[in-house]
Amino acid sequence: MPARNVTSTFLPAVLLAGAALAAAGCDDNTSSAGVGPPALSKQQAGQVLAAYATAVNRVGKQLDGRRLPGIEADPQLSMDEAALKLRHVIGQRPPALKFTHQVFYIPRLHGYPHWFAADAISGKGKQTLRHALLFTQAKAGAPWLLAADPYPADASLSKVALDPDGYATPVDAGDKGLPVAPARLPAAHAALLSGGPSAPGASALAKGPKTSETYDALKQGEQTLAKRGVTLSSTFSAAPYAVYALRTKDRGALVWYVVKQNEAYSAAKRGRLAVSGDLTGLAPAASARTRMDTTVLVQYLATVPPKGHATVTGMYRKAIAAHGS
């Protein structure tokens, strides 16, 4: 039997197919929601996005991640560092990143961190991607860092409510006026992916390709692997990153959050496992003899309505660590 390629099992990393290095994550969030000054002007937000594109293109051209900490924050930083390792091994530079159709959603905030979101398009034709970028600034004078960028399947950010001056309103992560508080979404999503739609808390999320269908695909993948002599156990948990949310026009919320996946592959016979695909560059190619443990981060964008279930509209997934034995 040919070696089993150990890769991400339930959705391919968009990075491998499109414009690399523009993706997501979240930073600590201690600023309070409410009426306050905007985090920055729209012109300044445009400058932040342009500066990021210039800097990340330089990183991609050189395949050198040493400059990433100056333009990104975790988990985006860890995800793009892993992506660079893969590209370095396969010898393929990412295509130049250029953002078009930019729209900025800047909340009014009290305190730090400051943050804002940007809806933008990159690529052309089949390589076209819509971005839901989220930038954070830890304190006054600190650099603006890309902290999140799940890829929405639709114009989700257009649902964000704007005041007469064109600025957005943040939603507190613990907001109890919604069917599910934004802060509860990572645990609810992790519960669904681990235990299915009937798991405690999973009912907060609507059925769909990034929720119930993902769980079904994962179970099917485990069965397929089992027939090939490979056992896969996969667990999900809320990642230790802040949750960000903006008020939508219907008084709901648009939410950025992160889930962590831990995969454990095992095979009784050597040769059934091989490091490839999304795991390339994270472990030596010959290290997966009979076991492989991986860590994956998944960034999500979800819309929480005033009543009903939250709908997940965007994601970005990347393995960040692998260990074989």
Side-chain angles (χ1 to χ4, degrees), residues 4-18 23-24 75 79 126 128-132 148-157 159 178-180 182 184-228 230-239 243 248 252-265 277-279 294-305 307-320:
R4 169 63 190 173
N5 293 335
V6 180
T7 63
S8 301
T9 59
F10 73 82
L11 282 173
V14 180
L15 176 66
L16 305 183
M79 297 172 80
K126 294 182 179 180
T128 300
L129 283 176
R130 179 179 288 275
H131 299 261
D149 184 15
Y151 303 132
D154 56 21
S156 301
L157 273 74
K159 300 175 183 177
L178 295 168
V180 56
R184 288 183 51 213
L185 279 175
H189 205 148
L192 189 155
L193 295 176
S194 295
S198 61
S203 61
L205 293 160
K207 294 181 178 180
K210 298 174 178 62
T211 53
S212 56
E213 292 176 25
T214 291
Y215 173 77
D216 293 340
L218 180 60
K219 294 296 127 181
Q220 184 176 359
E222 291 176 355
Q223 294 174 7
T224 300
L225 286 174
K227 294 177 182 178
R228 300 177 183 178
V230 176
T231 298
L232 167 63
S233 62
S234 188
T235 58
F236 296 82
S237 60
V243 173
T248 51
L254 185 67
V255 187
W256 287 256
Y257 63 95
V258 186
V259 170
K260 182 172 69 172
Q261 178 187 12
N262 291 105
E263 298 174 311
Y265 297 85
D278 193 36
L279 301 179
T294 75
T295 301
V296 178
L297 294 179
V298 195
Q299 303 173 17
Y300 288 106
L301 184 71
T303 301
V304 180
K307 296 182 180 180
H309 307 286
T311 301
V312 181
T313 58
M315 67 168 287
Y316 168 58
R317 182 179 192 271
K318 183 71 185 78
I320 62 168

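Throughout, numbering of the chain's residues begins at 1 and tracks the sequence. Because the structure is predicted, anything quoted here is derived from the model rather than measured.
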Restricting to non-hydrogen atoms, name the atom on Ala310 and the atom on Val180 that form the minimum distance, rounded to 0.1 Å. CB-CG1, 4.3 Å
If you define the side chain from C-beta out and look only at heavy atoms, does anything of His131 sit under 4.5 Å from Tyr151? yes
Which pair of non-hydrogen atoms, one from Ser237 and one from Val259, has the smallest distance, and what is that distance? O-CG1, 3.4 Å
Student check: side-chain heavy atoms of Ser194 and Phe236 closer than 4.5 Å: yes
Hey, does the side chain of Asp149 reach the backbone of Ala132 with a donor-acceptor pair shorter than 3.5 angstrom? yes
Note, Leu218 side chain near Leu193 side chain (heavy atom, < 4.5 Å): no
Which heavy atom of Val304 sits nearest a heavy atom of Pro179, and at what distance? CG1-CD, 3.9 Å
Got a sec, which residues hit side chain to side chain donor-acceptor pair (under 3.5 Å) with Thr313, two or more places apart in sequence or on another chain? Ser156
I want to check something: taking the side chain as every heavy atom from C-beta on, are Met315 and Val298 in contact at a cut-off of under 4.5 Å? yes
Please report the interatomic distance CD(Gln261) to CD1(Ile320), rounded to the nearest 0.5 Å. 11.5 Å
From Gln223 atom CD to Lys227 atom NZ, the distance as rounded to the nearest 0.5 Å: 7.0 Å
Heavy-atom closest pair (Pro305 atom, Gly308 atom, distance to 0.1 Å) is CG-C, 4.0 Å
Exercise answer: donor-acceptor pairs, residues 185-192 side-chain atoms, under 3.5 Å, sequence neighbours excluded:
{"residue": "His189", "atom": "ND1", "partner": "Tyr257", "partner atom": "OH", "Å": "2.7"}
{"residue": "His189", "atom": "NE2", "partner": "Lys210", "partner atom": "O", "Å": "3.0"}

Least distance between heavy atoms, Ala148 atom then Pro150 atom: C-CD, 3.9 Å
Can you name the nearest heavy-atom pair linking Thr311 to Ala206, along with the distance? OG1-CB, 4.0 Å
What's the separation between atom OG1 in Thr303 and atom CG in Leu157, rounded to the nearest 0.5 Å? 9.0 Å
CD on Glu222 to CD on Glu263, rounded to 0.5 Å: 9.5 Å
Out of curiosity, Thr235 OG1 to Asn262 CG, how far, rounded to the nearest 0.5 Å? 4.5 Å
Contact check, side chains of Leu205 and His309, non-hydrogen atoms, under 4.5 Å: no
Could you tell me the separation between the CG atom of Leu178 and the CZ atom of Arg184, rounded to the nearest 0.5 Å? 11.0 Å
Donor-acceptor contact below 3.5 Å, side chain Thr214 vs main chain Pro209: yes
Does any pair with a residue in residues 196-208 pass side-chain hydrogen bond (donor to acceptor under 3.5 Å, both in side chains), and if so which ones, sequence neighbours excluded? none
